[in-house]
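Here the structure is a predicted model, which is why all the values come from computation and not from measurement. Residues: numbered from 1 along the sequence shown.
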Amino acid sequence: PVGSRFFKCALQVNPYAYTTRHAKNSVYKTEHEYNAAIVAACIKEGIEVVGITDHFRIATSQNLAEALTAAGIHVLVGFEASSSEGVHLLCLFPGSTAPHDLERTIGACGVTLTKAESPQSDKSCEQLLRLIPRMGGITIAAHACSSSGLLVTLKGQTRTPVWTSPDLMAIALPGPRSGAPDGCHDIIANKDPAHERPRSIAVINANDVSTPAALSDPSTTTWIKMVSPSIEGLRQAFLDCE
């Protein structure tokens, strides 16, 4: 078809290894079972685009990416980053990006303790926001108003330049922007003079998915209008979020 349409997107899906590492898996005994269940849940829920975002890990996502792709679901590969301040960012890249290129990107993020349960970057949130687009990706501030979220972790003069950065285009909340907590509501609504942006931030629902059942929860998926699922498609949608 000519023109754009809405795609149902789940942009924070965790692979099997994440669920076992963080003791979130109590049903699926093998990666194959888990991957098949994720694929089935995506098909049932009409999810056409999936972002896979383990914590600064790439190899753990490969089998799930292959299973989703084989089922005709568009995959965006990437990882969840943790800045030096502890801010979590979803970093998404084209599905065609080679694993070794993503590993180089993780290295560029200043991650050294790669075997830690949740590795951390030695770069600040502002530095990561500048780096990821240069490497061909796009960032979303994960669970922005919760623990490890941008608006909770950063305060005052440290928070303002990050929030107003042109490289920050979207944040994740479990519901609508109107439902943001009191301390975050005016900032997200672009009504706080200290955090004013040239254009409003895009707000998406992209809660952590660690079980297939979570994909039926509205907080895990967002309808995003694009010509075709891509990093550029996301960027254009976030620029014109209304």
**Student:** What is the minimum heavy-atom distance between E45 and S216, and which atoms define it?
**Tutor:**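 Heavy atoms of E45 and S216 come nearest at OE2-CB, 3.3 Å.
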
**Student:** Is there a side-chain contact between L68 and H74, using heavy atoms and a 4.5 Å cut-off?
**Tutor:**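 Answer no - side chains too far apart.
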
**Student:** Are M135 and F56 co-members of a hydrophobic cluster defined by side-chain heavy atoms under 4.5 Å apart?
**Tutor:**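 Yes, it is one cluster - the side chains of F56 and M135 are joined through contacts under 4.5 Å.
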
**Student:** Can you list every pair that meets ring pair (Phe, Tyr, Trp, His ring centres under 6.0 Å) and has a residue in residues 121-156, with sequence neighbours left out?
**Tutor:**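 For residues 121-156, and leaving out neighbouring residues, the ring pair (Phe, Tyr, Trp, His ring centres under 6.0 Å) pairs sorted by first residue read H88-H143.
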
**Student:** What's the verdict on side chain to side chain contact (heavy atoms under 4.5 Å, CB included) for R159 and I187, showing C-alpha distance, side-chain angles and the deciding distance?
**Tutor:** CA-CA 11 Å; R159 182 169 63 189; I187 296 174; 3.8 Å; yes

**Student:** Write down the atom of I188, the atom of V203, and the distance for their closest heavy-atom approach.
**Tutor:**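 Heavy-atom minimum between the residues: CG2-CG2, 3.9 Å.
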
**Student:** Looking at every heavy atom in both S84 and Q120, which two are closest together, and how far apart are they?
**Tutor:**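 Where S84 meets Q120 most closely, the heavy atoms are O-NE2, 3.2 Å.
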
**Student:** Is there a side-chain contact between T60 and Y18, using heavy atoms and a 4.5 Å cut-off?
**Tutor:**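 Sidechains of Y18 and T60: no contact.
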
**Student:** Any salt bridge between K225 and D240, counting N to O under 4.0 Å?
**Tutor:**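 Looking at K225 and D240, the cut-off is not met.
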
**Student:** Ignoring hydrogens, what is the shortest heavy-atom contact between A59 and E103? Give both atom names and the distance.
**Tutor:**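 The answer is N-OE2, 4.1 Å.
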
**Student:** Indicate the atoms forming the closest heavy-atom contact of A214 with T220, along with that distance.
**Tutor:**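 Of all heavy-atom pairs spanning A214 and T220, the closest is O-OG1, 3.1 Å.
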
**Student:** Would you kindly say whether Q236 and E232 are connected by a side-chain donor-acceptor distance under 3.5 Å?
**Tutor:**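 Yes, E232 and Q236 have a side-chain donor paired with an acceptor closer than 3.5 Å.
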
**Student:** Tell me, please, which residues at least two apart from H32 pass ring-ring contact (aromatic ring centres under 6.0 Å, His included).
**Tutor:**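 By the ring-ring contact (aromatic ring centres under 6.0 Å, His included) rule, H32 matches no residue at all.
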
**Student:** So, do I201 and L168 sit near enough that their side-chain heavy atoms are less than 4.5 Å apart?
**Tutor:**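 Counting from C-beta outward, I201 and L168 do come under 4.5 Å.
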
**Student:** Are the side chains of I47 and F7 in touch, meaning some heavy atoms are under 4.5 Å apart?
**Tutor:**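 No, too far: nothing below the 4.5 Å cut-off.
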
**Student:** For the pair R5 and E48, find out whether any cationic side-chain nitrogen is under 4.0 Å from an anionic carboxylate oxygen.
**Tutor:**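 A salt bridge links R5 with E48.
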
**Student:** Check whether any side-chain heavy atom of S147 lies under 4.5 Å from a side-chain heavy atom of T153, and answer yes or no.
**Tutor:**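 Of all side-chain heavy-atom pairs linking T153 with S147, none is under 4.5 Å.
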
**Student:** With a 4.5 Å cut-off on side-chain heavy atoms, are Q157 and T160 touching?
**Tutor:**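 No, their side chains stay 4.5 Å or more apart.
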
**Student:** Please examine the side chains of L92 and I231, heavy atoms only from C-beta on, and report whether any two atoms are closer than 4.5 Å.
**Tutor:**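 A side-chain contact exists here, since the closest heavy-atom pair is under 4.5 Å.
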
**Student:** Measure up the Y16 and Y34 rings against each other and bin them: parallel (under 30°), tilted (30 to 60°), perpendicular (over 60°).
**Tutor:**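 Answer is tilted, since the angle falls between 30° and 60°.
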
**Student:** How would you list, by chain and number, every residue that makes a salt bridge (Lys or Arg N to Asp or Glu O under 4.0 Å) with D208, sequence neighbours excluded?
**Tutor:**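 Residues passing salt bridge (Lys or Arg N to Asp or Glu O under 4.0 Å) with D208: none at all.
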
**Student:** Taking C-beta and beyond as the side chain, do D54 and R21 meet within less than 4.5 Å on heavy atoms?
**Tutor:**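 Contact flag for D54/R21 side chains = yes.
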
**Student:** Would you compute the distance between atom CD1 of I224 and atom CG of L11 and round it to the nearest 0.5 angstrom?
**Tutor:**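 Rounded to the nearest 0.5 Å, the CD1-CG separation comes out at 5.0 Å.
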
**Student:** Identify the heavy atoms of V87 and L154 that sit nearest to each other, and give their distance.
**Tutor:**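 Minimum heavy-atom contact is CG2-CG, 3.8 Å.
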
**Student:** Test side chain to side chain contact (heavy atoms under 4.5 Å, CB included) on Q127 and L131; report intermediate values, then the result.
**Tutor:** CA-CA 6 Å; Q127 288 174 317; L131 172 67; over 6 Å; no

**Student:** If you measure only the distance, is there a donor-acceptor pair under 3.5 Å linking the side chains of S83 and E85?
**Tutor:**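 S83 vs E85: donor-acceptor pair found between side chains.
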
**Student:** Stepwise, does the side chain to side chain donor-acceptor pair (under 3.5 Å) test hold for S210 with N14?
**Tutor:** CA-CA 5 Å; S210 299; N14 293 299; 3.3 Å; yes

**Student:** Evaluate I140 against I171 for side chain to side chain contact (heavy atoms under 4.5 Å, CB included), listing each step before the verdict.
**Tutor:** CA-CA 5 Å; I140 299 164; I171 63 170; 5.5 Å; no

**Student:** Could you tell me if N205 and S219 have a donor-acceptor pair between their side chains, going purely by distance under 3.5 Å?
**Tutor:**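 Result is no, nothing qualifies.
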
